[in-house]
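Working notes, structure below.
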Amino acid sequence: MKPYFALCLSLLISLGGEACSQPLPTKFVLGKDTELICGRDLSPLGEYAAGYLGVTVSGADGASKRGTIALETDPSLAQEGFRLEVTPLEVTVTGGNYGGVFNGLQSLFRLLPAEVYGGGLGREVVLRDTLISSSPRFAYRGLMLDVARTWIGFERMKRYIDLLAYHNINKLHLHLTDDEGWRLEIKSHPELTSVGGFRGEGSPVEAVYGKWGERYGGFYTREQMRALIDYAAVRNIEIIPEIDLPGHSRNIASVYPEIRCNYAPDTVSTVGYDYRSAWCVAREENYRLLDDILSEVCTLFPSKYIHVGGDEVDLEQWSRCPDCRRLMQEKGFDDPHRLEDYFLERVSSILARHGKYPGVWDEAVKTGAFTRESRVYAWHDTRKCLGALENGYQTVIMPGEYFYLDMRQSPTEDGHDWAGIVDARKLFSFDFERSGITPGMMSHVAGFEAAFWSEAYISHNPERPDYLDYMCFPRLCALSRLAWSGNGEGWDSFYEELVSKHYDRLTAMGVRYRLFPPKVTWSGGVLRAEVDDGSRLCYKEEGSDREQAYTGPIRTAKPHLYQFRSHRGTGVSPWVAHESFHRTVKPAVKITSSMAESRQFPMSNAETYRGMTRTARASRRGDWILYTFAQEVSCREMYLQTGNRQLPKAIITRGRAEVLYAGEERFVDAGELFQGSITLRPSRPIRAVRLVSEYDGNGTPFVSIQPLVVKPRL
């Protein structure tokens with residue numbers, strides 16, 4: 001019986017059947033006098049909710065009270081499912097378990113003004129009668145955050161836990177170790193963090209992605225990680241740690257070089273840096289070290305799964321190792337992948353002693369021999385998802401072409417591109433049937449996970465959240481909906497909800513989210529820009545960083561001189577322009593260098609604009625790359641880049657550009673390289689350009705050289 005019906009009935013009885021003399025309330029008023037009641041098992045949620053709602057908390061006493069918010073559980077509801085009921089007298093949040101109550105609270109927050117996320121409500125709010133009942137489609141709704149390449153500290157991690165919680169994401173997979181960093185304190189081996197927690201200046205771990213010339217990094221103490229685990233648990237989030245093995249281990253191998261294979265490495269190409277990244281499978285002492293490390297990890301983390309990697313192992317290192325070859329012979333292995341099976345089986349036995357199960361990347365189950373007790377994270381593509389599911393592995397669906405948040409969101413934005421363009425619409429469009437996942441396989445689908453690999457983050461002001469927010473939102477909003485209820489409503493409906501409701505919430509949360517780019521057209525000498533999300537448009541002219549308000553169409557014969565972007569709250573779109581802005585030419589060029597060229601990536605790749613070139617070693621002081629043009633080049637812009645197209649890795653770490661102009665006999669200084677690259681805006685024709693290194697090494701065995709990007713004068 002609804003509480004206000006019971007009140008009316010009691011009044012009728014007391015008045016001898018006469019009508020109520022006072023009007024009954026018709027809406028619930030949430031304000032400073034509202035009381036939240038809950039039992040002891042839900043008291044953490046009571047305190048959590050009170051901080052947002054501005055209400056007082058008391059224990060449950062079994063009596064219905066007017067103007068209360070009640071939190072309770074009902075085992076008949078689905079796990080993590082909830083029922084939210086708003087009546088004029090009471091708000092009741094009922095969950096199938098603790099997580100269900102938490103999810104119900106998030107649903108309640110969405111009924112309130114967006115300011116609830118910005119420090120709590122400071123005024124009365126009227127709620128209409130509401131009944132919402134919902135449960136998640138999948139039990140696993142996760143995000144993988146790579147804190148090894150770019151360090152994300154304690155307070156900033158708490159902020160991200162809050163953001164995930166607002167979106168009903170319940171798994172935080174922390175990539176704690178990789179070639180470039182070790183981020184978790186291990187008491188029995190403090191050198192892992194005191195040394196391996198930092199890279200660059202004064203560290204045996206070389207800088208690779210940025211922050212060259214300085215000591216960069218950090219790590220979580222055990223006490224900090226325990227606090228994060230508890231903080232996340234209140235918010236219905238399980239933290240799953242990853243210690244990436246047996247590859248991606250250059251960092252720990254820089255701290256303990258003896259874990260590597262038994263052969264002399266090539267350090268000439270790396271200017272003295274041992275670039276090997278795999279544990280030796282045959283070295284018995286390695287398993288004792290791993291026992292020390294993983295035993296502490298298992299004790300610290302409540303999660304029953306410990307992710308142990310298994311991805312991108314350089315098998316050549318094992319093939320060159322006499323001890324690994326001998327082990328293969330002893331075990332009767334004819335495939336080096338079986339060595340990975342052997343290694344991970346030994347690792348799994350350590351976990352099993354602590355009652356834990358392994359999580360692994362999809363390469364780890366390539367042979368199908370690895371234990372079915374593992375959870376597979378299928379990241380490569382949808383075919384890898386199918387392979388894991390067909391072999392009966394519990395599988396987290398996360399193919400890069402849909403779920404990698406480090407992928408660029410349009411062709412001209414920052415980000416990786418190996419998995420294509422991935423924006424929120426692409427992520428939201430994932431379809432099981434279209435991907436070949438049959439109904440029979442669905443019982444093995446654990447859920448979804450998005451991944452943010454942070455190689456590029458280090459070069460995008462990692463001390464600020466802007467880049468991480470921009471890459472994660474609203475793509476994580478799409479993941480949340482897909483994992484909770486699917487995408488049957490269609491993109492248009494979901495996008496309308498983003499624009500009309502959720503963008504304001506993201507602003508209140510302080511998220512620097514990405515808006516979809518404006519549409520730019522040019523016709524009849526008139527340049528126009530438009531948006532469909534209520535954002536305000538701005539533009540800037542070439543040669544100036546000053547943003548101006550766009551108030552209407554611009555009449556111009558040179559549309560390539562303008563760029564546009566939009567702002568809404570804390571959201572911002574990418575800069576976009578008319579297609580003429582991106583127009584390029586490909587002048588004939590010869591590329592030579594003091595460094596020999598790679599056989600696999602010869603100079604002809606970049607000379608013919610087909611793709612990347614590599615040298616056969618990293619650069620040293622005085623090394624050079626020379627671009628000589630067949631004919632003088634007149635252009636408005638020329639971009640010369642060393643390193644990967646999407647991030648500054650394998651670059652000339654520090655150096656300068658020199659230009660030989662038409663009619664001159666000597667090269668003149670054209671400026672310092674920034675992250676291995678430089679943009680020239682020459683006022684006269686160019687005959688040649690030379691990049692000169694002023695630094696020894698770059699943390700890799702080569703320098704990458706990208707094709708020139710030359711924009712003509714229009």
So side chain to side chain donor-acceptor pair (under 3.5 Å) across residues 141-156, not counting sequence neighbours, yields E80-R141, D146-R149, D146-S454, R149-D178, R149-E180, R149-E455, R156-Y457

Report the C-alpha separation of E373 and K304 in whole Å, then their side-chain angles, then the decisive distance to 0.1 Å, and conclude whether the salt bridge (charged side-chain N to carboxylate O under 4.0 Å, His left out) test is met.
CA-CA 11 Å; E373 291 185 327; K304 70 176 182 178; over 6 Å; no

Under the side-chain contact (heavy atoms from CB on, under 4.5 Å) rule, what do M328 and D334 come out as? Steps first, then yes or no, please. CA-CA 7 Å; M328 283 188 68; D334 57 2; 5.8 Å; no

message = Measuring only between side-chain heavy atoms, which start at C-beta, is V445 closer than 4.5 Å to Y140?
response = no

Taken in chain and number order and not counting sequence neighbours, the residues that satisfy side chain to side chain contact (heavy atoms under 4.5 Å, CB included) with T700 are V208, Y275, K649, A650, N698, F702

Exercise for the section: Would you confirm whether T642, through its side chain, and G676, through its main-chain N or O, come within 3.5 Å as a donor-acceptor pair? Expected result: yes

Taking the side chain as every heavy atom from C-beta outward, state whether W318 and C261 have any atom pair closer than 4.5 Å. yes

Check your understanding: When the ring centroid of W361 is compared with that of H173, is the distance short of 6.0 Å?
Key -> yes

Would L673 and I652 count as a side-chain contact (heavy atoms from CB on, under 4.5 Å) if you check the C-alpha gap in whole Å, the side-chain angles of each, and the deciding distance to 0.1 Å?
CA-CA 8 Å; L673 302 185; I652 291 179; 3.9 Å; yes

Taking R372 for its side chain and F370 for its backbone only, find out whether a donor-acceptor pair lies under 3.5 Å. yes

Does the Y402 side chain pair with the main chain of D381, one donor and one acceptor, at a distance under 3.5 Å?
no

Please check if the distance between the ring centroids of Y377 and H307 is under 6.0 Å.
-> yes

- Query: Just by modelled atom types, is the R621 backbone N or O under 3.5 Å from a matching donor or acceptor in the D696 side chain?
  - Reply: yes

Quick one: does any side-chain atom of D274 pair with a main-chain N or O of P265 as donor and acceptor, under 3.5 Å? no

Report task. Would you please indicate if the ring centroids of F403 and F448 are separated by under 6.0 Å? Result -> yes

Discussion item. One thing to verify: whether K211 and E463 come together as a salt bridge, which I'm taking to mean a side-chain N less than 4.0 angstrom from a carboxylate O.
Written reply: yes

When rounded to the nearest 0.5 Å, the distance separating CD1 of I437 from OG1 of T382 is 7.5 Å

Quiz item: Side chain of T613, backbone of A606: donor and acceptor closer than 3.5 Å?
Solution: yes

Practice prompt. Please step through side-chain contact (heavy atoms from CB on, under 4.5 Å) for the pair R375 and V396, ending with a clear verdict.
Written response: CA-CA 7 Å; R375 178 193 279 157; V396 176; 3.7 Å; yes

If you define the side chain from C-beta out and look only at heavy atoms, does anything of V308 sit under 4.5 Å from F343? no

- Query: Less than 4.5 Å apart, any side-chain heavy atom of M471 and any of F452?
  - Reply: yes

message: Applying salt bridge (charged side-chain N to carboxylate O under 4.0 Å, His left out) to R159 and D469, what does each step give before you reach the verdict?
response: CA-CA 11 Å; R159 173 182 180 264; D469 285 6; 2.7 Å; yes

With side-chain contact (heavy atoms from CB on, under 4.5 Å) as the criterion, how do N286 and Y256 come out once you've worked through the C-alpha distance, each side chain's angles and the decisive distance to 0.1 Å? CA-CA 10 Å; N286 282 353; Y256 300 125; over 6 Å; no

Worksheet item: Where do D335 and R338 land on the salt bridge (charged side-chain N to carboxylate O under 4.0 Å, His left out) test, with the steps shown first?
Response: CA-CA 6 Å; D335 179 354; R338 291 290 290 120; over 6 Å; no

- prompt: What about the rings of H416 and W453, do their centers lie closer together than 6.0 Å?
  reply: no

request  = Spell out, as yes or no, whether a donor-acceptor pair under 3.5 Å connects the side chain of K356 to the backbone of F301.
outcome  = yes

Given the options E242, E449, E238, K171 meets salt bridge (charged side-chain N to carboxylate O under 4.0 Å, His left out) only with E238

### R260 (side chain) donor-acceptor with R276 (main chain) under 3.5 angstrom
yes

Is the closest side-chain heavy-atom distance between P358 and T371 below 4.5 Å?
-> yes

Under 3.5 Å, side chain of S249 to main-chain N/O of G247, donor-acceptor pair present?
-> yes

Salt bridge flag under 4.0 Å for residues D423 and K426:
no

Strictly distance-based, threshold 3.5 Å: is any side-chain N or O of E597 a donor or acceptor partner for the main-chain N or O of M603? yes

Mind checking whether Q409 and R475 have side chains closer than 4.5 Å, heavy atoms only?
yes

- Task: Evaluate the ring planes of W379 and W418, with Trp represented by its six-membered ring, and classify them as parallel (under 30°), tilted (30 to 60°) or perpendicular (over 60°).
- Result: perpendicular

